[in-house]
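One structure is given below, encoded as structure tokens.
Remember, it's a predicted structure, so these values are computed and weren't measured experimentally.
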Amino acid sequence: EVGFQRVIRETQITLLFMDPWDKPECCERAWCLFEILHTVSSRGTGSLQAIIGPDDQRKLVQSTQQEGEMPKWMKALSNIKLENADAWSQDDKDRIFSLVESWTDGGFS
């Protein structure tokens with residue numbers, strides 16, 4: 001277990017700043033996705049909370065009231081792929097991918 005994993009395990013809640021609400025930047029960053037995965041795997045989904053700004057809250061509510069296709073936020077979250085995420089350095093990205101592959105049966109499948 002690396003230090004970052006220990007910190008996540010020992011905290012009560014992991015907060016996600018969902019900005020913009022329909023395509024959150026945190027879901028495009030390898031470290032953020034790693035933190036989400038580790039939070040859920042070590043403490044369950046109840047310890048993961050999303051924060052959405054007031055303007056985005058209004059937009060989110062409006063989008064859920066529209067009939068028809070799947071809401072934008074649901075599309076954005078259902079299309080998250082760690083293998084497409086960015087990291088500041090290739091070394092960080094490689095380490096994250098190795099850890100995720102070692103935790104999950106079959107890696108990214």
Quick one: pull up CD1 in Ile36 and CG in Leu48 and give me the separation to the nearest 0.5 Å. 6.0 Å
Which value, rounded to the nearest 0.5 Å, describes the distance between Leu37 atom CG and Ile96 atom CD1? 10.5 Å
With sequence neighbours left out, what residues match [X] under side chain to side chain contact (heavy atoms under 4.5 Å, CB included)?
| X | value |
| --- | --- |
| Gln57 | Ile52 |
| Ser98 | none |
| Gln90 | Lys93, Asp94 |

Once side chain to side chain donor-acceptor pair (under 3.5 Å) is applied, do any residues pair with [X], and if so which ones, sequence neighbours excluded?
| X | answer |
| --- | --- |
| Asp55 | Arg58 |
| Thr14 | Thr39, Arg43 |
| Asn84 | none |

Would you mind listing the cluster partners of Phe17? Hydrophobic ones only (ILVMFWY), side-chain contacts under 4.5 Å, chaining allowed. Ile13, Leu15, Ile51
Could you pull out all donor-acceptor pairs under 3.5 Å where a side-chain atom in residues 25-35 meets a protein atom, sequence neighbours excluded?
{"unit_1": "Glu25", "atom_1": "OE1", "unit_2": "Arg29", "atom_2": "NH2", "d": "3.1"}
{"unit_1": "Glu28", "atom_1": "OE2", "unit_2": "Lys23", "atom_2": "NZ", "d": "3.4"}
{"unit_1": "Trp31", "atom_1": "NE1", "unit_2": "Asp92", "atom_2": "OD2", "d": "3.1"}

Closest heavy-atom pair and its distance - Phe97, Glu83: CZ-CA, 3.6 Å
